[in-house]
**Student:** 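Have a look at this one.
Numbers for residues simply follow the sequence, beginning at 1. Just so we're clear, the structure is a prediction, and the values are computed from it rather than from any experiment.
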Amino acid sequence: MIPAAKLDNLLRLDIQNGNFFVTLHTNLIRTLMLWPDLSTYFPVTDPTWIFFCVLSIILFAPVLLGRLRIPHIVGMILAGMLIGPYGLHVLDRDSSFELFGNVGLYYIMFLASLEMDMQHMKRIRWQALTLGLAAFVFPLTMGVVSNMSLLGYGLVTSVLLASMYASHTLIAYPIVIRYGVSRNRSVSIAVGGTIVTDTLTLLVLAFISGMFRGEEHVSGWFALILLLKVVLLSLVIIFSFPRMARYFFRRYNDPVIQFIFVLAMVFLSAGLMELIGMEGILGAFLAGLVLNRLIPHSAPLMHHLEFVGNALFIPYFLIGVGMIIDLRVLFGTGEALKVAAVMITMALGGKWIASWVTQKAFKMSVLERELMFGLSNAQAAATLAAVLVGYNIILPSGERLLNEDVLNGTILLILVTCIVSSLITDVAARRLALQGGNINESRPLNDESALIALAYPDTVDHLVNMALLMRKDKSEAPMSAINVVLDNDDRAREKGMKLLESASAIASAANVRMQTKVRLATNLANGIIHSMKENDYSELVVGLHMQNSPSESFFGPVLVSLLNRLNRQITMIRCTVSVNTIRRIHVAVPAKAQFEAGFYHWVERVARLAVGLGCRIVYYAHPDTIRILQRYLETYHASIRAEYIRTDGGNELKRISREVREDHMLVVVLARRGSISFRPSFDHIPRQIKKYYMNTGLMLIFPDVYAEAAIKDVSVNEPLAPNVSYEAAKDWYKGWLSRNNGGEEA
């Protein structure tokens with residue numbers, strides 16, 4: 001409540017100022033007296049409410065900031081800034097943040113090394129060593145010179161700060177997987193170089209931090225003894241930890257016990273490093289490297305380790321980092337902005353020079369250089385660890401080794417480099433895929449297995465009949481259908497069984513066996529996704545979503561989730577007439593569709609549909625795509641009556657609508673966001689369909705892609721929100737790259 005003395009002062013002030021609205025103000029202030037004084041409740045000190053506030057941030061921050069295309073790692077830090085002592089002061093940075101923050105810091109380094117692919121290092125060891133050393137030496141050298149000359153820092157501070165420029169995190173690696181160029185040598189070199197660079201960076205960090213642990217005087221002997229201690233302890237960890245882990249994993253299969261054992265190894269390694277006077281994060285990083293081969297990336301144990309870290313420890317650490325950042329320092333004197341500008345320039349410049357040196361040394365192309373540069377310039381995990389360690393080191397003079405300006409500038413460094421890395425990698429990987437003629441071998445489908453997901457009684461007949469027509473002729477493999485219901489809905493389960501019985505009857509009439517299953521799940525999309533992956537189906541056939549309100553999404557929440565989390569072909573069907581009465585099929589094909597992983601998959605399925613219906617098929621496509629379509633159909637389906645209409649491969653739905661009749665079917669080949677053939681104009685297709693094709697049979701095809709479109713988890717090693725796009729910047733960079741590549745068109 002507002003104290004009475006404060007109320008009297010407010011009233012007296014109004015009267016002294018000759019305010020004519022004293023009565024109004026008095027009533028307003030008396031009303032405000034009924035509201036509690038929120039300042040008495042903050043900062044929150046009760047442990048229960050502290051933990052609730054942190055969990056709420058972890059839950060909602062990625063969702064809200066992801067819509068703004070803000071990297072997750074930066075989003076968590078911004079949330080910490082908002083609730084911290086320099087923001088709204090909802091929470092203080094108490095001992096819980098010290099404890100969980102320390103655990104999260106070790107966890108970051110452990111996961112960063114655990115997720116590295118050590119097999120890459122063996123195949124391209126010399127190229128990776130070259131890039132790794134260059135990516136360490138050039139940013140470090142340039143950074144030390146600029147930090148001392150431009151920022152006026154001392155030698156030790158300059159070396160530690162420059163070592164941050166050298167480290168990098170492979171946040172853009174999912175992009176090269178999505179474009180199908182992950183086997184390119186430049187990608188392998190970048191992945192292998194990461195191990196070299198991050199290891200050297202952590203050695204510098206650990207050595208400098210070790211200089212300020214205890215009372216030792218900095219001297220050559222101290223450095224030699226410290227290095228000897230590190231080498232001996234590292235050898236002990238390298239030779240003993242894998243043997244201990246193998247023995248333990250053979251005797252104990254319980255996932256909980258294995259999880260606890262791995263964590264114990266991580267903190268034992270970190271503790272031993274601290275015991276000899278080094279920083280614990282070096283031990284955590286080393287533990288991840290030696291346990292890498294014993295914990296496969298697809299193993300349940302790996303999933304448990306990532307889940308716990310990304311769900312609790314790492315977000316807690318990031319929020320704690322945000323709580324010590326003061327934005328007033330960043331925008332107060334401008335010194336922090338100057339520091340950030342130097343950091344960003346040196347980090348990006350040093351990585352570009354390293355990529356250029358590697359390109360020239362091994363006679364690589366310009367695109368391969370750009371891809372190495374894009375993959376190797378993002379700062380995230382190791383950079384954040386280094387700045388926090390330096391910030392916590394107090395010099396004899398009472399100053400911090402890395403001050404608030406560096407801490408604030410690091411946040412801008414992470415934000416800018418993450419965006420630049422994603423932008424450059426996206427453009428270079430796309431052009432490399434197109435330039436390399438990344439088109440699959442043209443051959444009919446052999447091992448196909450489609451899953452029909454049934455939800456509405458009105459769509460069963462159409463979906464099953466369409467699937468039968470697209471099926472390989474005289475195939476003996478059974479068809480599969482599924483109905484997913486919520487596990488607490490018995491009535492829906494009964495309806496699902498009836499749907500599947502109807503589907504089986506239709507398939508039996510065509511002398512085809514059908515396997516059916518009612519699957520219980522807590523989430524409809526998860527039920528379908530798990531069925532697809534468990535049985536390795538090659539395609540999902542579903543009915544187009546029925547919108548119950550104008551505000552509802554055209555595809556519906558279930559289909560959107562399926563698109564984001566499946567890399568298999570998804571075919572959405574809506575029939576307005578009986579299937580056997582369709583007279584013509586119109587197929588709208590985007591430009592560069594032939595470069596997608598599933599190009600020949602959908603071509604074959606649609607061709608079978610035309611053969612089964614005995615109708616004419618019209619393709620609207622780019623001339624390059626038409627040549628490949630025509631060659632394929634003449635080879636495998638010479639009897640098809642096909643027409644080809646040349647377009648620029650863009651969104652032609654408005655023009656095609658003049659040709660489509662009620663007994664025709666429109667097939668629209670789309671693309672997941674971020675794939676090679678995706679265009680921003682695809683976002684307008686739902687509106688055009690509702691305007692021009694509400695009474696027309698419709699089939700929407702999302703072909704196979706090389707990897708899932710969305711990032712599965714919020715991870716510090718994959719800190720970008722899914723579907724990040726910077727179209728204007730991409731266009732500018734494409735033009736610049738084309739000019740520097742001799743004007744070649746990919």
Side-chain angles (χ1 to χ4, degrees), residues 73 101-122 128 132 167-171 173 190-206 209 230-231 233-246 248-249 255 258-274 278-314 317-318 378 380-386 388-389 713 715-719:
I73 187 172
N102 205 33
V103 174
L105 183 59
Y106 292 161
Y107 224 106
I108 284 177
M109 302 314 302
F110 172 64
L111 287 182
S113 58
L114 194 64
E115 292 180 350
M116 290 180 176
D117 190 349
M118 303 301 290
Q119 297 303 318
H120 282 286
M121 197 65 181
K122 295 180 180 179
S167 68
H168 61 261
T169 305
L170 293 170
I171 66 157
Y173 189 71
V191 173
T194 301
I195 302 174
V196 177
T197 303
D198 284 358
T199 302
L200 293 174
T201 300
L202 283 179
L203 286 174
V204 172
L205 171 63
S209 63
V230 173
V231 172
L233 180 57
S234 298
L235 291 176
V236 171
I237 293 174
I238 290 172
F239 285 103
S240 64
F241 275 35
R243 289 170 172 78
M244 293 168 58
R246 286 193 189 94
F248 192 89
F249 290 158
Q258 289 184 350
F259 176 80
I260 298 300
F261 170 78
V262 171
L263 284 190
M265 291 293 98
V266 173
F267 285 92
L268 173 62
S269 179
L272 291 175
M273 280 293 175
E274 291 184 343
M278 297 297 286
E279 195 60 42
I281 60 174
L282 179 60
F285 184 81
L286 186 59
L289 289 179
V290 299
L291 296 177
N292 188 291
R293 292 184 60 186
L294 299 176
I295 306 176
H297 291 184
S298 58
L301 178 58
M302 185 67 176
H303 174 75
H304 299 330
L305 290 167
E306 290 181 332
F307 176 81
V308 174
N310 293 325
L312 185 61
F313 293 136
I314 293 176
F317 162 70
L318 296 175
T383 303
L384 199 57
L388 196 64
V389 169
D713 299 310
S715 168
V716 71
N717 296 313
E718 293 177 347

**Student:** Output a table of donor-acceptor pairs, distance under 3.5 Å, between side-chain atoms of residues 238-245 and any protein atom two or more places apart or on a different chain; print 'none' if there are none.
**Tutor:**
{"unit_1": "Ser240", "atom_1": "OG", "unit_2": "Val236", "atom_2": "O", "d": "2.4"}
{"unit_1": "Arg243", "atom_1": "NH1", "unit_2": "Phe239", "atom_2": "O", "d": "2.6"}

**Student:** Which atom names give the shortest non-hydrogen contact between Ala284 and Ser269, and what distance separates them?
**Tutor:** N-OG, 4.3 Å

**Student:** Once rounded to the nearest 0.5 Å, what's the spacing between atom CZ of Phe110 and atom CG of Leu289?
**Tutor:** 10.0 Å

**Student:** Might you point out which heavy atoms bring Val230 and Ser234 nearest each other, and give the distance in Å?
**Tutor:** O-OG, 2.7 Å

**Student:** As an exercise, state the distance from CE of Met302 to CG of Asn292, rounded to the nearest 0.5 Å.
**Tutor:** 7.5 Å

**Student:** Taking all atoms of both residues into account, what is the closest heavy-atom pair of Met273 and Leu286, and its distance?
**Tutor:** CE-CD2, 4.2 Å

**Student:** Run the side-chain contact (heavy atoms from CB on, under 4.5 Å) check on Val262 and Phe248 step by step: do they pass?
**Tutor:** CA-CA 10 Å; Val262 171; Phe248 192 89; over 6 Å; no

**Student:** Would you name the heavy atoms of Ala270 and Tyr106 that are closest together and state the gap between them?
**Tutor:** CB-CE1, 3.9 Å

**Student:** Rounded to the nearest 0.5 Å, what separates atom CZ in Phe313 from atom CG in Leu318?
**Tutor:** 13.5 Å

**Student:** So, taking the atom named OG1 in Thr197 and the one named CG in Leu200, what distance separates them when rounded to the nearest 0.5 Å?
**Tutor:** 7.0 Å

**Student:** With a 4.5 Å cut-off on side-chain heavy atoms, are Phe249 and Phe261 touching?
**Tutor:** yes

**Student:** Going by side-chain contact (heavy atoms from CB on, under 4.5 Å), name the residues that satisfy it together with Phe259, two or more places apart in sequence or in a different chain.
**Tutor:** Tyr107, Leu263, Leu301, His304, Leu305, Val308

